[in-house]
Amino acid sequence: EKGGYDYFMLKEIAEQPKAVSDTLLGRIDASGSLSLDEIRIPAHVLREADKIVVVACGTAFHAGLIAKYAIEHWTRIPCEVELASEFRYRDPILDQRTLVVAISQSGETMDTLMALRHAREQGARVLAICNTNGSTIPRESDAVLYTHAGPEVAVASTKAFLTQVVACYLVALYLGQVRGTQWGDEIRAVIRDLAQISGAVERVLETMEPVRELARSLAHKNTVLFLGRHVGHPVALEGALKLKELAYMHAEGFAAGELKHGPIALIEEDLPVVVVVPSPRGRSVLHDKIVSNIQEIRARGARTIVIAEEGDEAVVPYADHLVRIPATPTLLQPMVATVPLQVFACELATARGNEVDQPRNLAKSVTVE
Ligand code: F6R
């Protein structure tokens, strides 16, 4: 049942190209527009929405953080992303014009369920993004967009995460399409780019041996830091979460711009720091800033593990280890940049003798608050 892999997690990491293309399947029509009639929220409701609130936990929350960049950019609707466990306890402002997006692989997470119940009580519409047909969260929502990742068995979420990002982007693009924002041409271009992402993930998977080797060489370490900016920031958070839950190591993700506001004090000789580098072609200012961050931490002794696009030569002098990912548009980079971090955490867990599919103290679906 593990399809020749030692662990379900390895199998599920390998299934990501298919999971991504299955989630796009049938949702883009021949003219290159989105057809998401399955959402069944009337177009006028989507046009009138004046706020989007994403609620989720853990890895699904990180997918939501990434989605915020895409949603605000393509729809110009203000978007908040909140941990489901915090949401209802702070008296959030919600009404009929609020669209709440609840993201959950299992569809049974109690915190997320309680958040969406609270939102509906206040009159908000709830759209679930879920991987499990007929589970509680989609049943209690106004609408659902299923991710088609297939069953995820390993406790650590991998393929579900990538498809959550894809599904959120479909929602963002669909809202943009329905509302006719100024980004019409860009939206069509992104839909074309999204269709290429599965192939890019495939290429990343083919080049992971050096990442595994690196992970094994770091098995004795206590701490790993992760830095990123823009959509790379949630990717850094996700890389750190994977390492905590699988390798039981102290791991933290930071926004690279925050480095000099505190975290840089943590840098010491030979501390592994993973840096997710934005594309030099997109928001090139951010790229240049991250390159100086890498320089700064390396000057203080950090062992830099740099995840950068093919062809990005500016990072080469400062990278102790360089992991190449295919060039993608800025907003799509998380789908390729997350993959090496999953492989890294999985291999570190194995090297440390941990149970990969069933990390200690964790359950696949968290049905208590
Ligand atoms: C991390 C992980 C958890 C889940 C979280 C939400 O690898 O799996 O952080 O993402 O418990 O679960 P769902 O998506 O089922 O609501």
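When a ligand or atom number is given, it counts from 1 through the structure's own listing order. Just so we're clear, the structure is a prediction, and the values are computed from it rather than from any experiment.
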### Query
Which of these, Thr147, Thr163, Asn131, Ile137, sits in a side chain to side chain contact (heavy atoms under 4.5 Å, CB included) with Gln105?
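Passing option: Asn131.
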### Query
Is the Tyr69 to His230 ring centre distance short of 6.0 Å?
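Centroid distance Tyr69-His230: below 6.0 Å, so yes.
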### Heavy atoms from other residues, nucleotides or ligands near CZ of Arg40 exceed 12 (cutoff 6.0 Å)
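No, not enclosed.
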### Query
Got a sec: does the CG of Asp91 have more than 12 other heavy atoms crowding it under 6.0 Å?
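At most 12 heavy atoms, drawn from other residues, nucleotides or ligands, come within 6.0 Å of this atom.
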So, 4.0 Å and heavy atoms of [X]: is ligand 1 close enough to count as a contact?
| X | value |
| --- | --- |
| Leu362 | no |
| Lys242 | yes |
| Ala156 | yes |

[X] heavy atoms, cut-off 4.0 Å: which ligand 1 atoms fall inside?
| X | value |
| --- | --- |
| Ser104 | 13 (P), 14 (O), 15 (O), 16 (O) |
| Gln105 | 13 (P), 14 (O), 15 (O), 16 (O) |
| Val155 | 8 (O) |
| Ala60 | 10 (O), 14 (O) |
| Gly58 | 9 (O) |

### Task
Please work out which of Glu152, Glu245, Lys364 has its closest non-hydrogen atom nearest to atom 1 (C) of ligand 1.
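Nearest heavy atom to atom 1 (C) of ligand 1 lies in Glu245.
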### Identified side chain to side chain donor-acceptor pair (under 3.5 Å) counterpart of Gln342 within the set Glu347, Lys242, Glu238, Gln16
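That would be Gln16.
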### Task
Any chance you could lay out the side chain to side chain contact (heavy atoms under 4.5 Å, CB included) test for Val291 and Tyr318, step after step, and finish with the verdict?
CA-CA 8 Å; Val291 175; Tyr318 315 111; 3.9 Å; yes
List the closest protein heavy-atom neighbour of [atom]: residue, atom name, distance to the nearest 0.1 Å.
| atom | result |
| --- | --- |
| atom 16 (O) of ligand 1 | Thr109 OG1, 2.5 Å |
| atom 5 (C) of ligand 1 | Cys57 O, 3.6 Å |
| atom 11 (O) of ligand 1 | Val366 CG2, 4.2 Å |
| atom 4 (C) of ligand 1 | Thr59 N, 4.1 Å |

### Query
Between Ser31 and Ser33, does any side-chain donor sit less than 3.5 Å from a side-chain acceptor?
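The answer is yes; a qualifying pair exists.
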#### Entry: Residue pair Asp37 / Ser35, side-chain donor-acceptor N/O under 3.5 Å
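No, because no side-chain N or O of Asp37 sits under 3.5 Å from a partner of the opposite role on Ser35.
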### Polar proximity ligand 1 side, Leu241 side, N/O cut 3.5 Å exclusive
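Leu241 vs ligand 1: no N/O contact under 3.5 Å.
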### Query
Is a side-chain N or O of Thr207 found less than 3.5 angstrom from the main chain of Val204, in a donor-acceptor match?
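Checked: pair present.
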